[in-house]
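In what follows, chains are A, B, ... by sequence order, proteins preceding strands, each numbered from 1.
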Number of protein chains: 2
Amino acid sequence: MKRNYTSEDVAKLAGVSQSTVSRVFAGTTQVSEKKKKKILEAATKLQYRPNAHARSLTTRKSSMIGIIVRNIRNPFYSAVLEIFHRRLSALGYHLIFINSENEKIQDKEIGQLLDYRIQAVIITDALIASAAAEKLKQHGIAVFLFNRYTKHSNNTAVYCDNYLAARQIATYLIELGHKSFAFISGPHDTSTTVDRLKGFREVLEKNKIKDFIVEAGHYTYESGYKLAQELMLRCKDIDCIFCGNDIIALGAMDAIRVMGFKIPEQVSVVGFDNIDMSDWPAYSLTTWEQPVEEMIEWVVRKISGHPDEKNNKGETIMMKGHLVIRNSVKSRK
Amino acid sequence: MKRNYTSEDVAKLAGVSQSTVSRVFAGTTQVSEKKKKKILEAATKLQYRPNAHARSLTTRKSSMIGIIVRNIRNPFYSAVLEIFHRRLSALGYHLIFINSENEKIQDKEIGQLLDYRIQAVIITDALIASAAAEKLKQHGIAVFLFNRYTKHSNNTAVYCDNYLAARQIATYLIELGHKSFAFISGPHDTSTTVDRLKGFREVLEKNKIKDFIVEAGHYTYESGYKLAQELMLRCKDIDCIFCGNDIIALGAMDAIRVMGFKIPEQVSVVGFDNIDMSDWPAYSLTTWEQPVEEMIEWVVRKISGHPDEKNNKGETIMMKGHLVIRNSVKSRK
DNA sequence: ATAATATTTGAATACGAATTCATAATTATA
DNA sequence: TATAATTATGAATTCGTATTCAAATATTAT
């Protein structure tokens, strides 16, 4: 392989010392214009690029950021990944991507992230959050929980106010005259599910509505499809379903339609996330939009502003979002 | 920050030399069982993990692999990324993710990939392929084009036989008695588009069919929607549309239905890729399935088998795939 | 038991850039 | 113009692991 040139080579060609070359590329100290120009010329000629490993070795940090995504096949997270990449790469960071489906791989990979002395890790996976966060923080890596939080620990987290959102959705459905409610959720042990359920249930109870069924599954299309199917078979009088997220909702809608029910005429469906597909005419799903851009913006600012873990004191930020009304809900009055 | 322990620390605690510790973790040379055990104990006690940068610095390579995805919001590529990650992380590699929307960022980021002396780059982006591949290869980084190839150069590439696929799709549509054809494609300057168009057109010509309209756009839902809309307005006698990929097809289907046409009764639609959504009952899209798992498998084997660029001689592999028949096409006989 | 061979081990060095510290060159001040 | 205060520069060292080379130890053959 064509050997890569080093700062030493550039120094020789430019007639300066290695230190000076380093200074030009690190941009830490002033270098006279004259030498700077010579150095840059020499560097261009040799196609020199600083070795990132050597740099990270001395500086004890890298410009890498880990991003752990629960399920990249969920369009919500594809979008999140896309935005994070756009923002962070513009700032010179590199994303190490980890899709976490299976806990075993996770653990190993988190260890490997440590090996790279990465600067921060963004975690969008509820199941992995606490344990991993602890381990990473022990090693001085800043951890950001995205779209989830952990109660007991002092993690830095940004998430949407799921409780409030669920309350507003419930209120909306009640106001439109719905009588028989169902909630098809994700795993029951995640903060998102818990909060959404809590908010929804509270409003129902306050309105003395007993007719409420909860089905927990996964945040996937298949899960939504299957649970909706079972639900509609068992309880034919259901007139509205709140789904844990959009991809569940799409699955539910398809199942319901396949069974011959009309949406929204017979059953109203509400999702959560406002992924691209919920706007497709085939679904036109009423859903809750998370302020994704702002949530990401907040994380990015934290990362770039406070590179080290010292400032990672466990700030938790909650954002609101809003209801996007489309055509999957119909007034029952 | 709690300083990270080094092999030196482990050596001291275990009463051996740093070299021996290194040998245990690098796994290059034999170390006596006795010392090995002591070292591992000491390492566990200190929570020692080898510094990946130091390692990469001496070995002159890293276990990082870049993956450049054209548009991660396209579910086809989410799936591809997911599979690549599953395979490669199991082999101890790390994925640096790059979403390429905008050419400027690309160039800069490719440069940065060089800084990490990454082992290989997987490129799924047609627009970036040639230039980037050249630059990367110059620096001794193995390049793998996925789902595309470049004519003139000797790049290693794996892709689906688009030409053959398009021929079979055309044949299938003709056999079912379709008379008026349209092709809604992606950008006209990508190998995928060119090959699919060529195959499709050839079969039509062979069958003396002149009634053929081509609309080029992007590989997005929006583009499919818009072009289908225009198409149906202009040529109301179209009875089948071949779409450049599934996400275009979904957009096209929605547009067509919104305009009041029935699929497949009035218009047949065929996609390409067989993404998850094409199986959703709302679409039930007949499409061409690329042998994604095998394509990825091939790349992974190349990467893990031949770590350096010497063996990157520009092998191009074409795989077949097959038609998945669903309900978006109807016989016109 | 001894010689011959094979296996482990440690000391020293390399990898490539950043940084400290001391010196040289420049600029500002009197 | 001489001196003080800055600024730019280079030599030497450091980061943490891998590896070479030579010495030490263990193993096998005789």
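For Ser22(B), there are no side chain to side chain donor-acceptor pair (under 3.5 Å) partners two or more places apart in sequence or in a different chain. Every ring-ring contact (aromatic ring centres under 6.0 Å, His included) that Phe97(B) has, sequence neighbours left out, goes to His85(A). In this structure Arg73(A) satisfies the salt bridge (Lys or Arg N to Asp or Glu O under 4.0 Å) test together with Glu82(B), Asp276(B), sequence neighbours excluded. Annotation: ring-ring contact (aromatic ring centres under 6.0 Å, His included) contacts of Phe146(B) (sequence neighbours excluded): Phe84(B). The salt bridge (Lys or Arg N to Asp or Glu O under 4.0 Å) check on Glu297(B) picks up Arg87(B), Arg301(B), with sequence neighbours excluded. The side chain to side chain donor-acceptor pair (under 3.5 Å) test applied to Ser78(A) returns Ser78(B), not counting sequence neighbours.
Under 4.0 angstrom from either OP1 or OP2 of dC15(C) there lies no side-chain N or O belonging to Arg55(B). The side chain of Tyr48(A) contributes no N or O atom lying less than 4.0 Å from OP1 or OP2 of dG16(C). In this structure, Arg117(B) does not reach the dC15(C) phosphate: none of its side-chain N or O atoms is under 4.0 Å from OP1 or OP2.
Asn51(B) has its CG atom 16 Å from the P atom of dG16(C), to the nearest Å. At whole-Å resolution of the value, CG in Leu57(B) and P in dT14(D) are 16 Å apart. Here the C1' atom of nucleotide dA17(C) and the CZ atom of Arg60(A) are 14 Å apart, to the nearest Å. Look at CG on Asn4(A): it is 8 Å from P on dG16(C), rounded to the nearest Å. Following rounding to the nearest Å, Lys34(B) (NZ) and dT8(C) (P) show an atom-to-atom distance of 13 Å. Taking atom OH on Tyr116(B) and atom C1' on dG16(C), their separation rounds to 15 Å, with Å as the unit. Between the NZ atom of Lys61(B) and the P atom of dA18(D) there is a distance of 12 Å, given to the nearest Å. Between the NE2 atom of His53(A) and the C1' atom of dA18(D) there is a distance of 14 Å, given to the nearest Å.
Checking dT17(D), dA17(C), dT19(C) against every side-chain atom of Thr28(A), the shortest atom distance belongs to dT19(C).
Here ring pair (Phe, Tyr, Trp, His ring centres under 6.0 Å) pairs that include residues 33-73 of chain A, with residues two or more places apart or in two chains, are Phe25(A)-Tyr48(A), His53(A)-His53(B), His53(A)-Tyr116(B).
When heavy atoms are screened at a 4.0 angstrom cut-off, Ser56(B) is found touching no nucleic acid atom at all.
Of all the residues in residues 10-25 of chain B, Gln18(B), Ser19(B), Ser22(B), Arg23(B) reach under 4.0 Å from DNA chain D with at least one non-hydrogen atom.
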Which pairs, protein N/O on one side and nucleotides 4-8 of chain D N/O on the other, fall under 3.5 Å?
none

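Side chain to side chain, Thr192(B) and Tyr159(B) fail the donor-acceptor criterion of an N or O pair below 3.5 Å.
Met295(B) approaches Cys160(B) most closely through the heavy-atom pair CE-N, 3.9 Å.
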